Amino acid sequence: MEQDITLNKEGQGLAFLKPLVAKFTPKFQKGDLVPWLKKSGITLLSILLFLGLWHMGSKALYNIEANYKIEKALTEQGQVAADAERDCIASGESSCQPNTLPSPTQVWASLQTLIADHKVINADKAAFNQKMAATNAKLVAKGKNAIVYTGRASFVDIVLTSIKTVFAGFLLALLIAVPIGVVIGLSPSLRSAFNWFIQIFKPVSPVVWYLLVFMIVKTLYIGDSSDNAFVISFISVGLCAMWATLVNTAMGVSSVDKDYINVAKVLKLGTFQKIFKVILPSSLPLIFTGLRITLSVAWMVLIAIELLAQSQGLGLFVWEEFQNGANDSNAKIIVAMFVIGIIGFLLDRIMLSVQNMVSFNKNEGV
Amino acid sequence: MSTETILNKGTTQNGIVFPSKVMLDLSNLKKVYPTPKGDYVVLENLNLQIMKEEFVTIIGHSGCGKTTMLSMIAGLNPISGGNIAVLGNPVKGPGPDRGVIFQSPSLMPWMTALENVLLGVNQVFPHATKAQRKDIAKYYLHKVGLDGAFDKKAIELSQGMQQRVGIARAFAIKPKVLLLDEPFGMLDSLTRGELQDILIEIWNKEKITAVMITHDVDEAIFLADRVVMMTSGPSAKIGDILDIEFERPRTRKSVLEHDDYYTYRKHLIDFLEH
């Protein structure tokens, strides 16, 4: 049984970092090398295969697009224009490049651009702050607001905004869903009273949640010129994502092992003690499963909501790049896609580790 | 005054009150489960009086209603008819005056062994200091032979060790009556023997009135002052009662070598096979 548990936990949570950690620990033994190489070799191979397929695919799409452009020039403007177009494409001139799925190298280059851009903006910001330091000090002394940098946000800032939004939304979901879940889990009559509410609102799309939150927040912010995009987006994210936690908490609380309840009854624990010493600890694993789903849902709906709310995050970034239609816009979108994926993966793994920490094997105790 | 009331409330002679010797009194106990096809009577006309400092084991076929009876005494299962009284006071719901050792250890798996015992101790001795309560819990964990495992999570303990914690938890709350629902049924026979020894050792010291359900004829004889045999359900009641007159403290060896042992054993088996 013990063996099973450890095996199960292998490959979960942050265990995927193990080979990496093992590599840098001095205890690394010779015998571990072969399985480690095998494991990471397979991963590496699959990454290479993926990149290769991507490269070939984007090349094929590029050719289709290029041929279409040349063909079009030929039919509309004749042979000379077609030759000019062909030369232009071959020369790598940015104005006539076919616009399609970018290749891995283009995406990599875009990533470099975005990082370089971030450095430039950071330098700008630092310069600005330095320049304004004296003025700001005076303003603050007079009790006025300091002047802050309001230039373009860099890619790193955008990612940080998104992470901030998702955490604020997650926290909101937690604060709403866990207490309500506990309350309706404890009382069967409240549970049936709330059931229709949950069933109806659970499947509502993120876009509609956004609109609902927008209606309310807009009214509440009347006369306030400050930017409410962040508030709208985190509340919408929280409302979209809280349902899994709500349902799981209610289920966990209502399905506590009868033996534990009997023990609590025999010992005549008070309501408070019964909830905090018996019911909540025993439903923690289910609550955390819910929270994990909530976090991943929050991250997933975040992009759409940021786009709608015009919040300076990844969602808006992707949309603006798409509208922008610049030569490297597509590549930047793909960069954002990977960043979104990787952050989502990391968030999920962090939650899984927390979940493993709080869970106990229920079957063992019975 | 009927004899029954005298037994329950104690007797008065020449102005001196002699306290009753009856700890637990079941009279005309009835349990009915309503089903779509009409009522299903589990227990009917069950009468049993258990004296102070008595250890009673209850034996009977599976499904005869032993566990139902025990959980009614514990107050976890409502009574359909009749009465249950502890020291003359009718039972209304569960409470720590009736400690229960469940069939499964029912420990909170997220707590350590000590915390599990403390959960009850804190409840029963709210005015004791923290250190005193800890001492009580530790004392009973020591008694069940878990000296090194105070801070082990319940989940890390084996079934047998978990049930030891269960025993410690039940004794530590100093109940008036101890109810044991086949506590060793899930253990292998070796561990079962060990735990029987531990149980009887603590019991010899504390002398808490105990009612224990078991399937095991040898266990029933070894532990009990009286073995209560229940008839098969539906409408189960007490079929026969056997007094076990071995001296206490007992050892397994002395019991097995006693001349009466096989007479008792035969009596029980005859009843069960009948």
Side-chain angles (χ1 to χ4, degrees), chain A residues 1-9 12 178 182 185-186 248-249 252-291 353-366, chain B residues 67 70-71 73-78 91-113 115-126 152-159 161-163 165-166 169-170 172-181 186:
Chain A
M1 200 68 207
E2 203 63 29
Q3 193 78 4
D4 271 343
I5 300 163
T6 35
L7 277 178
N8 243 341
K9 287 200 172 169
Q12 282 183 341
V178 173
V182 170
L186 286 173
N248 268 32
T249 306
V253 168
S254 62
S255 64
V256 173
D257 199 319
K258 217 172 168 252
D259 285 339
Y260 304 156
I261 299 288
N262 278 344
V263 171
K265 278 184 183 165
V266 168
L267 297 178
K268 267 211 163 141
L269 296 183
T271 317
F272 184 82
Q273 272 208 313
K274 197 167 134 187
I275 292 175
F276 284 91
K277 289 225 159 144
V278 179
I279 292 175
L280 274 186
S282 105
S283 41
L284 265 191
L286 260 180
I287 295 178
F288 270 86
T289 311
L291 286 175
S353 317
V354 177
Q355 197 186 332
N356 283 341
M357 242 154 49
V358 299
S359 70
F360 48 88
N361 190 347
K362 279 196 156 174
N363 304 325
E364 189 83 20
V366 181
Chain B
T67 299
L70 203 77
S71 64
I73 301 175
L76 294 169
N77 202 340
V91 162
K92 291 177 194 130
D97 59 328
R98 281 147 292 139
V100 184
I101 301 180
F102 296 95
Q103 182 165 22
S104 69
S106 304
L107 303 181
M108 310 295 159
W110 55 88
M111 290 182 183
T112 62
E115 284 168 340
N116 264 294
V117 179
L118 271 175
L119 188 68
V121 174
N122 288 341
Q123 200 59 24
V124 183
F125 305 106
K152 278 224 172 98
K153 283 260 175 350
I155 189 90
E156 296 165 356
L157 303 173
S158 67
Q159 276 275 337
M161 302 250 268
Q162 289 190 25
Q163 196 56 289
V165 181
R169 179 174 63 187
I173 61 172
K174 305 253 179 217
K176 291 197 181 84
V177 182
L178 192 62
L179 305 168
L180 303 99
D181 184 4
M186 289 164 92

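Letters go in sequence order (proteins before strands), and every chain restarts at 1. Everything quoted here is computed from the prediction, not taken from an experiment.
- Here the closest non-hydrogen pair linking V263(A) and F102(B) is CG2-CE1, 3.6 Å.
- The one candidate from I173(B), V121(B), N122(B) that meets the side chain to side chain contact (heavy atoms under 4.5 Å, CB included) condition with L267(A) is I173(B).
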Under the side-chain contact (heavy atoms from CB on, under 4.5 Å) criterion, do W110(B) and L284(A) qualify, and how do the steps go? CA-CA 10 Å; W110(B) 55 88; L284(A) 265 191; over 6 Å; no

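- Heavy atoms closer than 4.5 Å to chain A are found nowhere in L179(B), neither backbone nor side chain.
- Between chain A and the options Q123(B), M111(B), R98(B), heavy-atom pairs under 4.5 Å are most frequent for Q123(B).
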Run the side-chain contact (heavy atoms from CB on, under 4.5 Å) check on N262(A) and V100(B) step by step: do they pass? CA-CA 9 Å; N262(A) 278 344; V100(B) 184; over 6 Å; no

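- Here K268(A) is the residue among K268(A), Q273(A), K277(A) with the most heavy-atom pairs under 4.5 Å with chain B.
- With sequence neighbours left out, the side-chain contact (heavy atoms from CB on, under 4.5 Å) criterion links I261(A) to V256(A), K265(A), I279(A).
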